[in-house]
There are 2 protein chains.
Amino acid sequence: MIRVGIVGFGKIARDQHVPAIAGSEKFVLAATASRNAHADGIPAYPDIDTMLAKEPTLDAVALCQPPQVRHGAARAALAAGKHVFLEKPPGATLSEVVDLARTADAAGVTLFASWHSRYAAGVETARQWIAGKELRRIDISWKEDVRHWHPGQAWIWQPGGLGVFDPGINALSILTQLLADPVRLEQASLEVPANRKAPIAARLAMRSASGAPIDAVFDWRQTGPQTWDIEVETDAGLLVLSHGGNTLTIDGVAQPLPAEAEYPELYARFAELIAAGKSDVDVAPFRLVADAFLTGETSVTDAFED
Amino acid sequence: MIRVGIVGFGKIARDQHVPAIAGSEKFVLAATASRNAHADGIPAYPDIDTMLAKEPTLDAVALCQPPQVRHGAARAALAAGKHVFLEKPPGATLSEVVDLARTADAAGVTLFASWHSRYAAGVETARQWIAGKELRRIDISWKEDVRHWHPGQAWIWQPGGLGVFDPGINALSILTQLLADPVRLEQASLEVPANRKAPIAARLAMRSASGAPIDAVFDWRQTGPQTWDIEVETDAGLLVLSHGGNTLTIDGVAQPLPAEAEYPELYARFAELIAAGKSDVDVAPFRLVADAFLTGETSVTDAFED
């Protein structure tokens with residue numbers, strides 16, 4: 001069994017990591033490190049340094065805290081010889097992820113930059129259907145209510161918190177999984193609330209390696225029904241992934257899919273990587289986000305209050 | 001002889017590329033493509049597509065136009081089987097550079113993302129002196145007068161034009177050449193004129209893989225003497241690279257250096273890569289710039305007029 005400690009014991013840790021670990025035959029939850037929360041019956045520490053010092057038999061850590069503080073924790077865990085599972089996004093900057101990949105290699109341990117949406121129920125079926133077909137266009141619509149999903153989360157509005165790209169990067173992680181060749185950003189526009197540092201909405205104009213246009217709209221101001229849709233038009237018909245990749249239709253016909261199992265699949269992948277002595281650090285989704293900030297036109301929009 | 005065509009026949013092409021090609025035993029200037037300028041006695045075309053169509057025996061192209069339009073030209077040249085020399089920065093986004101690298105590989109031709117400042121006279125001597133020493137800190141000061149160096153260049157203020165990072169990326173290209181291990185960005189602040197889209201000044205807080213602080217100040221509002229300095233403090237003394245890497249002192253003592261030959265060295269490297277059937281696409285300097293836009297705090301400063 002791989003003894004894993006979770007750092008940052010917030011909603012994603014409790015809702016997703018704990019059940020996935022409990023359901024795995026490969027992992028056991030051995031400790032948590034968090035300022036405010038703990039799991040009943042599991043050793044709890046206030047921070048990762050204390051956890052690493054007091055739990056020398058830990059094999060791995062899963063880092064679920066905000067991305068702005070993830071690099072320091074990952075460096076400490078790698079230095080202690082632990083395998084590291086990074087929640088998405090893998091950091092606050094691309095260069096710190098490059099640093100972690102090099103550090104993991106030097107330490108001979110596994111680094112896994114996870115993208116949970118790539119394991120949504122419909123993604124693998126969609127990827128196989130798209131392979132070899134001629135792309136005509138892709139349209140991504142990722143619109144949700146930030147007040148519902150991120151109530152009072154100040155970090156998400158700070159530099160490095162990504163704003164609406166925090167959910168939007170999930171769409172980009174699916175997109176870059178669906179297409180075998182690299183996607184490039186051509187243009188972007190970002191809307192930043194007058195009282196915040198990160199965008200509340202964005203539009204991205206991208207292009208596939210074969211030249212097909214890929215348009216994405218991310219918006220955090222959607223009330224009522226939420227939208228997480230990807231439409232892929234090909235020479236052989238229209239594929240639609242909805243509900244964040246968990247529903248799939250082809251030319252309007254619903255496709256049979258396996259049950260949702262994003263985090264169990266992520267932990268199965270983490271176990272495989274550890275067994276094989278490998279790392280998996282694909283920064284493609286994060287690079288598209290960096291490109292949007294790099295080349296995007298920013299405009300100021302209405303102030304946002306939680 | 002490698003028959004090379006230059007695309008974008010502006011100041012950098014005339015001042016640097018033409019003499020470097022003329023002085024090389026490996027290259028001959030066979031054509032230019034530019035809307036407004038040409039070289040006496042050399043076939044001139046209005047754009048790259050015409051040049052590629054009319055000059056089928058070209059072996060290579062050097063792309064010197066603004067980065068926002070470089071990707072399309074590079075794609076066209078690679079598709080025609082030409083080796084490609086990219087001026088810095090290698091594009092407007094990281095993802096389009098990844099696309100070019102893949103396209104060059106598929107076409108079996110050389111892609112060279114050039115960083116001319118890495119060939120400044122003092123850089124290799126400095127790199128060798130630093131190797132194996134313990135870094136204490138690095139301070140970069142890159143301050144120049146944009147009115148003098150980029151008079152009326154509108155593209156440089158547009159998204160993708162990088163603003164003050166256009167010179168600043170030269171400092172970052174030297175920095176990432178001096179250090180064997182990756183540099184990571186921790187924080188950045190950017191000052192954007194009220195009437196422009198790109199920063200006129202920036203501060204970057206970076207860190208070496210070994211943990212040494214690296215601070216950089218870029219400013220385009222410097223009149224009088226211009227500053228392009230890198231100070232490297234180590235356990236064995238203080239190294240100072242000045243004049244954009246062309247002057248070197250160690251503990252105050254001027255070091256003997258070879259003559260300045262940035263572009264001749266770049267073309268020698270391009271010839272080597274072509275002969276070896278290899279590409280050289282190091283995005284490290286550009287990634288640090290993308291990270292600065294991604295995670296930096298932007299503030300609005302005084303309007304800027306040329």
Side-chain angles (χ1 to χ4, degrees), chain A residues 67-68 71-72 75 89 91-103 106 158-163 165 172 176 180-190 192 197-198 204-211 214 283-300, chain B residues 67-68 71-72 75 89 91-103 106 158-163 165 172 176 180-190 192 197-198 204-211 214 283-300:
Chain A
Q68 292 97 327
H71 179 270
R75 267 282 198 137
T93 65
L94 286 165
S95 53
E96 69 178 43
V97 181
V98 172
D99 175 77
L100 291 182
R102 173 198 150 278
T103 304
Q158 291 300 314
L162 300 188
F165 288 98
L172 299 176
T176 50
D181 291 323
V183 171
R184 65 184 188 270
L185 184 80
E186 293 194 326
Q187 278 189 308
S189 58
L190 284 63
V192 178
K197 309 261 184 190
L204 279 62
M206 299 172 282
R207 207 166 279 277
S208 75
S210 61
I214 304 171
V283 298
F286 198 23
R287 188 164 49 215
L288 289 167
V289 173
D291 279 345
F293 280 84
L294 175 68
T295 203
E297 287 215 44
T298 297
S299 59
V300 177
Chain B
Q68 292 97 327
H71 178 270
R75 267 282 199 136
T93 65
L94 286 165
S95 53
E96 70 178 42
V97 181
V98 171
D99 175 78
L100 291 183
R102 172 197 150 278
T103 304
Q158 290 300 314
L162 300 187
F165 288 98
L172 298 175
T176 50
D181 291 323
V183 170
R184 63 184 188 271
L185 184 81
E186 294 194 327
Q187 277 189 306
S189 58
L190 284 63
V192 178
K197 309 262 184 190
L204 279 61
M206 299 172 281
R207 208 167 278 277
S208 75
S210 62
I214 303 171
V283 298
F286 198 23
R287 189 164 49 214
L288 289 168
V289 173
D291 279 345
F293 280 85
L294 175 68
T295 203
E297 288 214 45
T298 298
S299 59
V300 177

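These numbers come from a predicted model, not from an experiment. Below, chains carry the letters A, B, ... as their sequence lines are ordered, and counting in each starts from 1. Note: hydrogens, waters and symmetry copies are ignored here, and every other heavy atom, side chains too, is used.
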| Any residue meeting ring pair (Phe, Tyr, Trp, His ring centres under 6.0 Å) with B:F293, in chain and number order, not counting sequence neighbours | B:F165

| Which heavy atom of B:L294 sits nearest a heavy atom of A:T93, and at what distance? | CD2-CA, 4.1 Å

| message | Is it the case that atom CD in B:E186 sees more than 12 heavy atoms from other parts of the structure closer than 6.0 Å? | response | yes

| remark: Given A:V289, A:V97, A:D99, the one with more heavy-atom pairs under 4.5 angstrom with chain B than any other is A:D99

| field | Step-by-step side chain to side chain contact (heavy atoms under 4.5 Å, CB included) determination, A:T298 to B:V192 | value | CA-CA 11 Å; A:T298 297; B:V192 178; over 6 Å; no

| field | Portion of B:R75 that has a non-hydrogen atom of chain A nearer than 4.5 angstrom | value | side chain

| Toward chain B, the part of A:V183 with a non-hydrogen atom under 4.5 Å | backbone

| remark: Shortest non-hydrogen pair, B:A290 vs A:A290, comes out as CB-CB, 4.2 Å

| request: Determine the sole option in A:R184, A:M206, A:R207 for which the side chain to side chain contact (heavy atoms under 4.5 Å, CB included) test with B:S95 is passed. | output: A:R184

| said: Heavy-atom pairs under 4.5 Å with chain B - which of A:G296, A:G91, A:A284, A:A209 has more of them than the others? | reply: A:A209

| note | Greatest number of non-hydrogen atom pairs under 4.5 angstrom with chain B, of A:A292, A:A198, A:P182, falls to A:P182

| Minimal non-hydrogen separation, A:E96 against B:L185, with atom names | OE1-O, 4.5 Å

| query | Looking at NZ of A:K197 and OG1 of B:T295, how far apart are the two atoms once the value is rounded to the nearest 0.5 Å? | reply | 12.0 Å

| field | Segment of B:L288 engaging chain A (4.5 angstrom heavy-atom cut-off) | value | side chain

